[in-house]
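Notes to accompany the following structure.
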Amino acid sequence: MQKHPLFFKDESESYKFEETIDYFLSWTLRCADEKYTDNPLLNKYSKMILSKLLYDDESRLENKIVQNVQTWKQWANIDLCVHFTIDNQNYALIIENKMYSSIREGQLEKYMAIANNFYKNKPEFKTTFVFIRPDYEHETKFNEKGIVEKAEYKYYNLAQLQDLLPSEVSGNDIFDEFWFYWK
């Protein structure tokens, strides 16, 4: 019996990876919401990824309830904005990702200023800024991590998020294709 074709790879010349990552991060983070516990592993793994992005610790949300997850793609040119609640505290996660292109000068600072201006009258939100680079090559060539951290963003590589997941697949074909098989 032949394995099904890979979901993300076909004969296309462009895969629009940044948009693909935005969609899958959006969907994954929404799956961390308590209302999506019909697949406990999917919910657990999604919470692990959210926990890593928020706290740099994939286990911190293990016994917490995540609620009211909402996402916006391309909000004010920001790749992904995520709102959610944990223990009656509202959070905003502002995510920028890059696949092939480099960070433009002042880009992260501009996005932070846009978000900070939006949330200045919303003190109930704690904001966290995250930059995700799917490949390792830019970091080694351009010291991107230093640039990102100087702009007060957390820096992650997509592979780091994939690697934190246990080896048991979730049983959800879409999640497993992206987080376990797409490398």
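The shown structure was predicted, so the numbers you read here are calculated from the model rather than taken from an experiment. Quick note: numbers below take in every heavy atom, side chains included, and nothing from hydrogens, waters or symmetry partners.
Contact annotation: the side chain of L29 approaches that of L53 to within less than 4.5 Å [non-hydrogen atoms, C-beta and beyond]. Inter-residue side-chain proximity for D163 and L161 is flagged as unmet; no heavy-atom pair is nearer than 4.5 Å. Here the side chains of Y111 and N77 are in contact, with some heavy-atom distance below 4.5 Å. Counting heavy atoms from C-beta on, the side chains of I65 and Q67 come closer than 4.5 Å. The side-chain heavy atoms of N97 and F131, taken from C-beta on, include no pair separated by under 4.5 Å. Side-chain contact check for S170 versus K44: every heavy-atom pair is 4.5 Å or farther apart. Looking only at side-chain heavy atoms (C-beta outward), Y155 and I147 stay at 4.5 Å or farther from each other. V148 is not listed as a side-chain neighbour of K145, based on a closest heavy-atom distance of 4.5 Å or more.
Remark: the Q74 side chain and the E19 side chain contain no N/O donor-acceptor pair separated by less than 3.5 Å. In this structure, a donor-acceptor pair under 3.5 Å is present between the side chains of Y156 and D56. Residues S59 and D57 have side chains that bring a donor and an acceptor to within less than 3.5 angstrom of each other.
Between the CG atom in L54 and the CG atom in L61 there is a gap of 6.5 Å [rounded to 0.5 Å].
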Chi angles and distances behind the side-chain contact (heavy atoms from CB on, under 4.5 Å) call for N68, N90: CA-CA 9 Å; N68 308 317; N90 293 321; 5.7 Å; no

Verify side-chain contact (heavy atoms from CB on, under 4.5 Å) between L50 and F84, making sure each step is shown before the conclusion. CA-CA 10 Å; L50 176 61; F84 52 95; 3.7 Å; yes

Starting from the C-alpha separation in whole Å, work towards a yes-or-no answer on side-chain contact (heavy atoms from CB on, under 4.5 Å) for E96 and I132. CA-CA 6 Å; E96 178 66 18; I132 298 176; over 6 Å; no

Could you walk me through whether V66 and T85 satisfy the side-chain contact (heavy atoms from CB on, under 4.5 Å) test, starting with their C-alpha distance in whole Å, then the side-chain angles of each, then the deciding distance to 0.1 Å, before giving a yes or no? CA-CA 6 Å; V66 178; T85 305; over 6 Å; no

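Taking each heavy atom of M112 and A151 in turn, the nearest pair found is CE-O, 3.2 Å. When all heavy atoms of D176 and G171 are compared, the pair lying nearest together is OD2-N, 2.9 Å. Residue R133 comes nearest to S102 through the heavy atom pair NH2-CA, 4.1 Å, listed as atom of the first residue, atom of the second, then distance.
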N/O donor-acceptor pairs under 3.5 Å from side chains in residues 122-130, not counting sequence neighbours:
none

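Cation-pi geometry between K73 and Y23 is met: under 6.0 angstrom from the ring centre, within 45 degrees of the axis.
Taking the six-membered ring where the residue is Trp, the centroids of W75 and F118 are separated by under 6.0 Å.
Residue pairs meeting the salt bridge (Lys or Arg N to Asp or Glu O under 4.0 Å) criterion with at least one partner in residues 60-72, sequence neighbours excluded, are K64-D87.
At distances below 3.5 Å, at least one donor-acceptor pair connects side-chain atoms of D33 with backbone N or O atoms of V69.
In this structure, F178 and F24 have parallel ring planes: the angle between them is below the 30° cut-off, well short of the 60° mark.
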